[in-house]
Amino acid sequence: MWLRSELLKSIWHAFTALDVDHRGKVSKSQLKVLSHNLCTVMKIPLDPVALEEHFKDDNKGPLSNQGYMPYLNKFILDKVREDFDILEFNKMCWTLCHKRNICCKRLLISEEDAFRVWCIFNFLSEEKYPLVIITEEIEYFLRKLMETMGGGWSEEDFANYRLQMNTRNCLTAWELIELVGMGYFCRGVNHQTLSLGINEVFQELILDVLKQGYMMKKGHKRKNWTERWFVLRPSSLSYYVCEDLVEKRGNIILTPSCCVESLPERDGKKCLFIIKCTDISFEISASDKKKKQEWIQAIQTCIQLLRLGLPSPHREARMRRRELRQRQQTGEGDLVERMRQLQVANESKQQQLEAMREKMEEAAAKAALEEQRVKKTESDLHDRYRLDLEREKMVRQQMEEQVAQKSSELEQYLQRVRELEAMYHRLEEALEDERQAKQDEEAMRKLQARLLEQEAAKRTELEQIHLQQQRALSQTNAEKQELVAEQLAKERELQAAQLQLERLGKEREGALEQYKEVSRKLERAANKTKTWKDKVAKHEGLVRLIQPGDKAPQMINNWGPASFTDAELEFRKKTWQERKNQGAQAQ
């Protein structure tokens, strides 16, 4: 239901516009036209006789606002219902008053945007007549407008504007329209952006539009999905064919018993949620997860406000701002009253002192001895106060010394803490270097083992080739030519194997060099951490470095260190000799 105070503000503008002479009175014929228009736009049956009956005793001239208010309340506002178009009502009042007060041609905004600013003024203005909007509400409106346009709010510009207002702390509706239309706070913003910003603020504050946007809705009969433009208000969720709001397709009435829930993906639709009402449910699909969460949260907020019986968020915020200003004004009034009481008490004290001074002048001769006694008493009190002051100075000096000592101790403690933190960081760096050196050593060990395995495999292959060559020599002389050819081929393979074995030996030497370099790094890391072992032994235990063990002396062949021991070499020699003897016997 529309508040009566908000309707009265628009009617007050229309009544004031009809008051051409600015005497606070309007002719009866004009009031008839105004009443007829109000009843038409508010869908109220007009009683043409009621106005004549109400003012039948007042035939001296134009009627005042005070005389028209009882008729307005009784025959119009008391019969108001919620089904009339508030925009049409405001348009009618705006049509009556705007041409007499402002010219939109010299402004940066259109007449439609000026009408929206006028409606916002009526919403934010004080409940006092003549209507004005105070600086706090001006700042709220301008800040909201700049946020809507994506611009930054400048506190400095607004402070300069308040200084230009001098002692005035408020604006009329036409001054506010001129302030917005001249672009004082919207420099660098084009007309279209400014118009969109005003329209969005107008929809939120005046039309109670909390959220709007395109979503997909599932039909109830054909179960098909159709894109609709949804508009969320505190008590309803309407959906239209498109965002021009011309063709309305339905309205979801929100009640305290309603609820909104998220749904899993199905039928190829994502970001689903459902609005459950008493007798029907609505399945809706948002464009993405973020929009889905925003819509669910906004609808839940509306349902919660309905359950608590609270108005829309911006109306609740306006009410809180007004209550805060009333409390501040009440506090200021109490302070003024208290200051007045103190001033009255001070004047009374001054009068009493004046009477006492006169009595003292009359009794000056009689009070000579009393004066001497008073002087002596004052001297004693002065000495006593001086001693008390000296004692207080001593106590203060002692406290300052104690504070200085505590500050010095605190600084020493903080220095010690910083040194310990630095020591701990350096120790962590040394331990990290040691861990890295160990990892490098382990990698080199694995590389050396792999090279040794490859060398052993090549040596085995070489021995097999050599045995095959010996068997070929023990064959018959008839096959000697073929054996010579095969021997040449085997020798070439043997040379290739030897070249590969030499290459592997060189790779092994490189691995050994890398291993030595890693060992040197490990030794440097161990030396680096050695100096810190004693400092952290009490807290973290002794750090013990892991060194590679001693290796037994290895055999050396033509290609570098051998891959087997002396015993293995003897065994291989013995096996090779036996095979050679067997081949000779076979020949």
Side-chain angles (χ1 to χ4, degrees), residues 1-3 6 82-87 90 116 119-120 123-124 140-141 144-145 147-150 196-220 225-263 269-320:
M1 188 68 184
W2 302 105
L3 295 177
E6 296 181 2
E82 196 175 357
D83 58 348
F84 76 94
D85 189 353
I86 187 66
L87 282 181
N90 286 327
R116 295 189 180 105
C119 294
I120 294 171
F123 177 77
L124 298 177
Y140 169 79
F141 167 56
K144 199 170 191 65
L145 179 61
E147 291 176 356
T148 304
M149 294 188 298
L196 292 175
I198 294 173
N199 183 41
E200 187 169 344
V201 177
F202 172 78
Q203 288 186 352
E204 179 181 352
L205 298 183
I206 306 304
L207 302 184
D208 284 338
V209 176
L210 303 180
K211 189 171 180 60
Q212 55 185 346
Y214 279 108
M215 290 191 295
M216 302 293 291
K217 175 186 170 296
K218 186 177 182 180
H220 291 289
W225 290 88
T226 310
E227 186 179 43
R228 300 298 185 204
W229 177 263
F230 285 83
V231 177
L232 177 63
R233 295 183 175 88
S235 60
S236 65
L237 178 62
S238 306
Y239 50 95
Y240 302 81
V241 173
C242 58
E243 55 187 298
D244 58 6
L245 307 183
V246 174
E247 188 176 354
K248 186 175 181 180
R249 305 300 297 172
N251 194 31
I252 302 174
I253 303 299
L254 300 178
T255 62
S257 60
C258 294
C259 66
V260 57
E261 298 175 358
S262 177
L263 292 179
K269 294 295 179 181
K270 300 180 180 180
C271 306
L272 295 172
F273 63 93
I274 185 172
I275 302 174
K276 296 182 179 179
C277 299
T278 305
D279 53 351
I280 194 171
S281 298
F282 300 86
E283 293 185 17
I284 301 173
S285 172
S287 59
D288 53 41
K289 292 183 179 179
K290 181 180 179 182
K291 293 289 182 62
K292 169 188 173 181
Q293 190 62 31
E294 290 177 355
W295 275 102
I296 291 176
Q297 186 174 0
I299 297 171
Q300 287 177 344
T301 301
C302 293
I303 296 173
Q304 187 66 22
L305 291 175
L306 290 173
R307 291 172 181 172
L308 298 176
L310 298 176
S312 58
H314 55 271
R315 294 180 183 273
E316 181 71 17
R318 182 189 64 176
M319 189 181 305
R320 288 197 299 268

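All values reported here derive from a predicted model rather than from experimental measurement.
- Here the straight-line distance linking atom CG of Asn199 with atom CD of Glu204 works out to 12.0 Å at 0.5 Å rounding.
- To the nearest 0.5 Å, the span separating CZ on Arg233 from CG on Asp208 amounts to 8.0 Å.
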Run the side-chain contact (heavy atoms from CB on, under 4.5 Å) test on Ile296 and Ser262 for me, step by step, so that the C-alpha distance in whole Å, both residues' side-chain angles and the decisive distance to 0.1 Å come before the verdict.
CA-CA 8 Å; Ile296 291 176; Ser262 177; 4.2 Å; yes

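- You'll find the side chain of Phe123 reaches within 4.5 Å of the side chain of Glu6, heavy atoms only.
- Across all their heavy atoms, Lys289 and Cys271 have their closest contact at N-SG, 3.4 Å.
- Between Leu207 atom CG and Arg116 atom CZ the span is 9.0 Å, to the nearest 0.5 Å.
- A distance of 7.0 Å separates CD1 of Ile120 from CD1 of Ile198, quoted to the nearest 0.5 Å.
- Across all non-hydrogen atoms, the minimal contact from Leu145 to Gly197 is CD1-C, 3.5 Å.
- Here the side chains of Ile274 and Val260 are not in contact, with every heavy-atom distance at 4.5 Å or above.
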When the side chains of residues 234-243 are checked against the rest of the protein, which donor-acceptor pairs come out under 3.5 Å, sequence neighbours left out?
residue, atom, partner, partner atom, Å
Ser238, OG, Asn251, OD1, 2.6

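- The pair Lys292-Glu294 does not meet the salt-bridge criterion, since no charged nitrogen lies less than 4.0 angstrom from a carboxylate oxygen.
- The structure places CG of Leu87 at 7.0 Å from SG of Cys119, a figure rounded to the nearest 0.5 Å.
- Not a single side-chain hydrogen bond (donor to acceptor under 3.5 Å, both in side chains) links Lys270 to another residue, sequence neighbours left out.
- Here the side chains of Lys269 and Glu283 are not in contact, with every heavy-atom distance at 4.5 Å or above.
- In this structure, Val201 and Gln203 have side chains that are not in contact, with every pair of non-hydrogen atoms separated by 4.5 Å or more.
- Residues Leu232 and Leu254 form a side-chain contact, since some pair of their non-hydrogen atoms from C-beta on lies under 4.5 Å apart.
- Remark: Lys291 NZ is loosely packed, at most 12 non-hydrogen atoms of other residues, nucleotides or ligands lying under 6.0 Å away.
- By the 4.0 Å N-to-carboxylate-O rule, Lys217 lies too far from Glu227 to be salt-bridged with it.
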Without placing hydrogens or testing angles, list every side-chain donor-acceptor pair under 3.5 Å for residues 298-305, not counting sequence neighbours.
residue, atom, partner, partner atom, Å
Thr301, OG1, Gln297, O, 2.8

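- One distance of note links CZ of Phe282 with CD1 of Ile275; it measures 7.5 Å at 0.5 Å rounding.
- Only one option out of Trp295, Trp225, Phe273 pairs with Ile284 in a side-chain contact (heavy atoms from CB on, under 4.5 Å); it is Phe273.
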